[in-house]
Enquirer: 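Please see the structure below; I have some questions.
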There are 2 protein chains.
Amino acid sequence: MQVCFVRDVSIACIATLTRQFRSRHLAILQRDNTTPQRLIGEAVNLSAPAVQRRIKRMEQTGVIAGNVALVAPAAVGQPITIFVEVELESERTELIDAAKRQFSAAPEVQQCYYVTGEADFILIITVADMGAYEALTRKLFFDSNNVRKFRTFVAMDRVKVGLTVPLPG
Amino acid sequence: MQVCFVRDVSIACIATLTRQFRSRHLAILQRDNTTPQRLIGEAVNLSAPAVQRRIKRMEQTGVIAGNVALVAPAAVGQPITIFVEVELESERTELIDAAKRQFSAAPEVQQCYYVTGEADFILIITVADMGAYEALTRKLFFDSNNVRKFRTFVAMDRVKVGLTVPLPG
DNA sequence: CCTCGAAATGCAAGTTTGTTTCGTCAGGGA
DNA sequence: TCCCTGACGAAACAAACTTGCATTTCGAGG
């Protein structure tokens, strides 16, 4: 029946299958990492200890970077999400690095990316009100002598939020 | 000794203390939700069952919106993060809603926000390579008759990534 | 074709962790 | 004053996680 695989094909098949199973495993953890290993095992046809070992392996190799609880910003008094495109005056490496450090250090800066294109940085900021944002802009942008300009977008609707990575399979 | 509180002050004090303890509790879970309840209890001066009850309460009230594993995109073959500012032709409510649905439905769209300002939507997209992004733009933007234009920023460095909400205390 | 070794698995026992139960205490209102 | 509500701690209980060991599988090399 299903014999006579060309060697490369069979290897590819196995690799694909493995990856798919891992994908399903990871997909479950990405959705809810409190899922008991027993249930994950049933979903991927594995015993609980095997599930446990795979998780440990993925944590050690860095595939799983962390396990966190997601907090609803509005429920803790931080209902405002803001995007900022930041353009620097100078793109000297040291100044870029300094900006990275400064932005990262601010707890209000939830996410910070160094990007190509018409801006240098994109920040996602979480604050309680516009006053707090105004104060933060002063601290991060005006007090710095290296910010040429910045553009602000206020989120009206957090349509889709998460850090879920698309997985094959 | 510590008597003779004016009523409002003492209430405010208690409320503040409570909130601070919750903040510490939440801060721990935001960093690592696999932390044993016993350790959390030690950190916030509470017994394990009390910790358990608070977590359950916060999950039921929506303060904790989920418990997830963070997956490293590069480790699963999705190393490219892209930002897109999308501007629509029409801002009729139905079309806005249709766009929200369409963007949310795409697994590559990790985050989608409806914003004020010079754009209508900001998307954060995770893909394996630029070819995949090109295909996605065709699907999401060109095939739609409602996208006036979009601007792309490619992330060179994911300086700070997370969904951590700043907490008082 | 066969054997070997590395890696992954299942099973079963042991351990930690999470959950429930129960009794107690403090604050608020009738 | 008394009762009620809500939250707590201690202990018992249930569930999940973790480990050791024998087995299997797969690829490499003889």
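These numbers come from a predicted model, not from an experiment. To find a chain, count down the sequence lines: A is the first, B the second, and so on, and within it residues start at 1. Hydrogens, waters and symmetry mates are skipped; everything else that's a heavy atom, side chains included, is used.
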Enquirer: Identify the pairs formed between an N or O of the protein and an N or O of nucleotides 23-26 of chain C at a distance under 3.5 Å, and give each distance.
Expert:
none

Enquirer: Among A:Leu123, A:Val115, A:Ile122, A:Asp120, find the one that has a side-chain contact (heavy atoms from CB on, under 4.5 Å) with A:Val86.
Expert: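 When A:Leu123, A:Val115, A:Ile122, A:Asp120 are each tested with A:Val86, the side-chain contact (heavy atoms from CB on, under 4.5 Å) holds only for A:Leu123.
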Enquirer: Do any side-chain atoms of residues 160-169 of chain B form donor-acceptor pairs under 3.5 angstrom with protein atoms, and if so which ones, sequence neighbours left out?
Expert:
from     : atom 1 : to       : atom 2 : distance (Å)
B:Lys160 : NZ     : A:Ser104 : O      : 2.9
B:Lys160 : NZ     : A:Ala106 : O      : 3.1
B:Lys160 : NZ     : A:Val109 : O      : 2.9

Enquirer: Working note: A:Arg31 + B:Val68, criterion side-chain contact (heavy atoms from CB on, under 4.5 Å); need CA distance, chi angles, decisive distance, verdict.
Expert: CA-CA 6 Å; A:Arg31 193 171 51 240; B:Val68 303; over 6 Å; no
Enquirer: Can you list, by residue number, the residues of residues 59-70 of chain A that have a non-hydrogen atom closer than 4.0 angstrom to DNA chain D?
Expert: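 Per residue number, the list is empty: none.
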Enquirer: Just checking B:Tyr113 against B:Phe121, ring centres under 6.0 Å apart?
Expert: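 So the answer is no for these two rings.
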Enquirer: Hey, what else clusters with A:Leu95 if you join Ile, Leu, Val, Met, Phe, Trp, Tyr whenever side-chain heavy atoms sit under 4.5 Å?
Expert: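 None, because no other hydrophobic side chain comes under 4.5 Å of this residue.
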Enquirer: Can you confirm whether B:Asn145 is buried at CG, in the sense that more than 12 heavy atoms of other residues, nucleotides or ligands lie under 6.0 Å from that atom?
Expert: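 No, not enclosed.
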Enquirer: Compare side-chain N and O positions of B:Gln52 against OP1 and OP2 of C:dG18 and report whether any pair is under 4.0 Å apart.
Expert: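 So the side chain of B:Gln52 is outside the cut-off, no N or O lying under 4.0 Å from OP1 or OP2 of C:dG18.
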Enquirer: A:Asn67 and B:Asn33: side chain to side chain donor-acceptor pair (under 3.5 Å), yes or no, with the steps?
Expert: CA-CA 6 Å; A:Asn67 290 281; B:Asn33 71 353; 5.5 Å; no
Enquirer: Which residues end up grouped with A:Leu39 if you chain together Ile, Leu, Val, Met, Phe, Trp and Tyr wherever their side-chain heavy atoms are less than 4.5 Å apart?
Expert: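 Joined to A:Leu39, directly or through intermediates: none.
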Enquirer: Kindly work out whether a path of hydrophobic side-chain contacts (I/L/V/M/F/W/Y, heavy atoms less than 4.5 Å apart) joins A:Leu136 to A:Met130.
Expert: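 In one cluster with A:Leu136: A:Met130, yes.
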Enquirer: Take the C1' atoms of the five end pairs on each side of the helix from C:dC1-D:dG30 to C:dA30-D:dT1, get both axes, and report the angle to 10 degrees.
Expert: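 Axis angle across the helix from C:dC1-D:dG30 to C:dA30-D:dT1, nearest 10°: 30°.
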Enquirer: Using the rule that two of Ile, Leu, Val, Met, Phe, Trp, Tyr join whenever any of their side-chain heavy atoms come within less than 4.5 Å, decide whether B:Ile82 and A:Val84 are in one cluster.
Expert: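 Different hydrophobic clusters.
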Enquirer: Quick one: ring-ring contact (aromatic ring centres under 6.0 Å, His included) partners of B:Phe150, sequence neighbours excluded?
Expert: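 B:Phe150 satisfies ring-ring contact (aromatic ring centres under 6.0 Å, His included) with B:Phe141, B:Phe142 only.
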Enquirer: Holding to salt bridge (charged side-chain N to carboxylate O under 4.0 Å, His left out), I want the full list of residues that pass it with A:Glu59, two or more places apart in sequence or in another chain.
Expert: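 Listed in chain order: nothing, the list is empty.
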Enquirer: A:Arg148: which residues meet the salt bridge (charged side-chain N to carboxylate O under 4.0 Å, His left out) condition with it, sequence neighbours left out?
Expert: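 Expected list: A:Glu87, A:Glu89.
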Enquirer: Using a heavy-atom distance cut-off of less than 4.0 Å, which residues of residues 29-39 of chain A contact DNA chain D?
Expert: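 Residues of residues 29-39 of chain A that come under 4.0 Å of DNA chain D are, in numerical order, A:Pro36, A:Gln37, A:Arg38.
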Enquirer: A:Asp32 vs A:Thr34, test: side chain to side chain donor-acceptor pair (under 3.5 Å). Steps then yes/no.
Expert: CA-CA 5 Å; A:Asp32 180 7; A:Thr34 66; 2.6 Å; yes
Enquirer: Using a 4.0 Å heavy-atom cut-off to protein, can you give one letter per nucleotide of nucleotides 6-14 of chain D, 5' to 3': B if the base is in contact, S if only the sugar-phosphate is, - if neither?
Expert: -SBBBB---
Enquirer: Rounded to whole angstroms, how far apart are CD1 on A:Ile55 and P on D:dA16?
Expert: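 Interatomic distance, CD1 of A:Ile55 to P of D:dA16: 13 Å.
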Enquirer: Filter on salt bridge (charged side-chain N to carboxylate O under 4.0 Å, His left out), then keep only pairs touching residues 92-103 of chain A, sequence neighbours left out; what's left?
Expert: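 Sorted pair list: A:Arg92-A:Glu94, A:Lys100-B:Asp157.
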